[in-house]
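I have placed the structure first, in the form of C-alpha cells, so that the comments after it can refer back to it.
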Amino acid sequence: MAGLAYTAAGGVVGAAVTTYVSRVHERRRLRADVMQQFHQITAVRDAVSDVVPRPTGRVGRGIGTQRRTASLELGVMAVLEDGADAERALRAAFSGLVVAALSAGVPRRVLDFAGGAEERALQCEAIRLADLRAGGVLGESLDVLVTACEEYRRATAQLLLQALWHPWQARCRMYGRLRGLRRAVDALHRRQQEAVAALTAELRGS
C-alpha cells in the first residue's frame, strides 16, 4: 500500500511539474511571438523612404480610429523602399501584433496605444519628408515634433513590454500611465496639426 501511495504521489507531482513546464514554455513562445510582431511593426516606419502624391480616391484612416491622417491632409502617401504603401503595411503589421499580443494576455488598451504611437511615428516621418520636399519650411518646430513623437513612441513601447513581461506590476500602474499617455498624445496631435497647417499653407502659396 505504501508503495502504491508513493507511486500515486509521484505521478501527481510529475504531472504537476509537466503542466507547469508546459505552461512556462507556452508563455515564452507567446512572448516571443509578440516581440517578433512588434519588431515588424516598428520596422515599417524605419523603412519609409519617401512620400509621393496620393492617388485620387484613396482614404487614409488611423489604426482603430476614424480620423484623417496627416499624410491625407497633405495629399501625400508614405512609401517604403520597394514602393509599397507604408500605411497599408503598418495596418497589416498591427493586425499581426494584435493577434499575438492578445493571445499573450496583453490588454487591448495597451495595444491601441502602442499601435497608435507607431502610426504617429509614421505620420511624423511623412511630415518630415513632405517638409524636406517643401524646402524645410518648418524649421526648429519639426525637430520638436520629431523628438516628441519619438518620446511618445518609446513610452508606449515600454508600457507594452511591461504588460508582456511583468503583467501584475504593469496592471497596478496602468491607469496612471494611460492618463499620462493621453495627455502626451493630445499634445503630439496638436503639434502634428500645426505642422500640417504650416505645410499646407506653404504648398498652396507656392
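On a predicted model such as this, the values are computed, not experimentally measured, just so you know. Heavy-atom basis, side chains included; hydrogens, waters and symmetry copies ignored.
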How close do [X] and [Y] get, heavy atom to heavy atom, and via which atoms?
X	Y	value
A89	L80	CB-CD1, 4.0 Å
A93	Q37	O-OE1, 4.2 Å
T156	F113	CG2-O, 3.7 Å
D131	V137	OD1-N, 2.9 Å
A130	V51	N-CG2, 4.0 Å
V196	A70	CG2-CB, 3.6 Å

Partner set under salt bridge (Lys or Arg N to Asp or Glu O under 4.0 Å) for [X], not counting sequence neighbours:
X	answer
D33	R29
R128	E125
E194	none

Applying side chain to side chain contact (heavy atoms under 4.5 Å, CB included), name anything that partners [X], two or more places apart in sequence or on another chain.
X	value
A187	R190, R191
R179	Y175, R182, R183
S95	none
A155	L181

From CA spacing to verdict: side-chain contact (heavy atoms from CB on, under 4.5 Å), L90, E119
CA-CA 7 Å; L90 183 65; E119 181 197 9; 4.0 Å; yes
For a side-chain contact (heavy atoms from CB on, under 4.5 Å) check, start with the C-alpha distance between E118 and R153, then their side-chain angles and the critical distance, and finish with the verdict.
CA-CA 6 Å; E118 293 303 322; R153 186 189 193 194; 3.0 Å; yes
Among the clusters formed by ILVMFWY side chains lying less than 4.5 Å apart, do V48 and L132 turn up in the same one?
no
Please determine whether residues V110 and L102 belong to a single hydrophobic cluster, defined as Ile, Leu, Val, Met, Phe, Trp and Tyr linked transitively by side-chain heavy-atom distances below 4.5 Å.
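In one cluster with V110: L102, yes.
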Pairs of donor and acceptor atoms involving the side chains of residues 139-150, under 3.5 Å and at least two apart or interchain, shall be tabulated with distances.
from: S141; atom 1: OG; to: L138; atom 2: O; distance (Å): 2.6
from: T147; atom 1: OG1; to: D143; atom 2: O; distance (Å): 2.9

Mind checking side-chain hydrogen bond (donor to acceptor under 3.5 Å, both in side chains) for E73 and listing every partner two or more places apart, or none if nothing turns up?
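For E73 the side-chain hydrogen bond (donor to acceptor under 3.5 Å, both in side chains) partners, ignoring immediate neighbours, are R68.
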Residues forming a side-chain hydrogen bond (donor to acceptor under 3.5 Å, both in side chains) with S71, sequence neighbours excluded:
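Only R54, T69, E87, Q123 meet the side-chain hydrogen bond (donor to acceptor under 3.5 Å, both in side chains) criterion with S71.
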Let me check something: any side-chain donor-acceptor pairs from residues 157-166 under 3.5 Å, sequence neighbours excluded? List them with distances.
from: Q162; atom 1: OE1; to: R177; atom 2: NH1; distance (Å): 2.4

With rounding to the nearest 0.5 Å, note down the distance linking CG in L188 to CD in Q193.
10.5 Å
With rounding to the nearest 0.5 Å, note down the distance linking CD1 in I127 to CD in Q192.
4.5 Å
Less than 3.5 Å apart, which donor and acceptor atoms pair up between the side chains of residues 39-46 and the rest of the protein, not counting sequence neighbours?
from: T42; atom 1: OG1; to: F38; atom 2: O; distance (Å): 3.2
from: T42; atom 1: OG1; to: H39; atom 2: O; distance (Å): 2.9

Can you find a heavy atom in the side chain of M77 that is under 4.5 Å from one in the side chain of P53?
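No, their side chains stay 4.5 Å or more apart.
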Residue from L199, D50, V76 passing side-chain contact (heavy atoms from CB on, under 4.5 Å) with R133:
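Single side-chain contact (heavy atoms from CB on, under 4.5 Å) partner of R133 among L199, D50, V76: D50.
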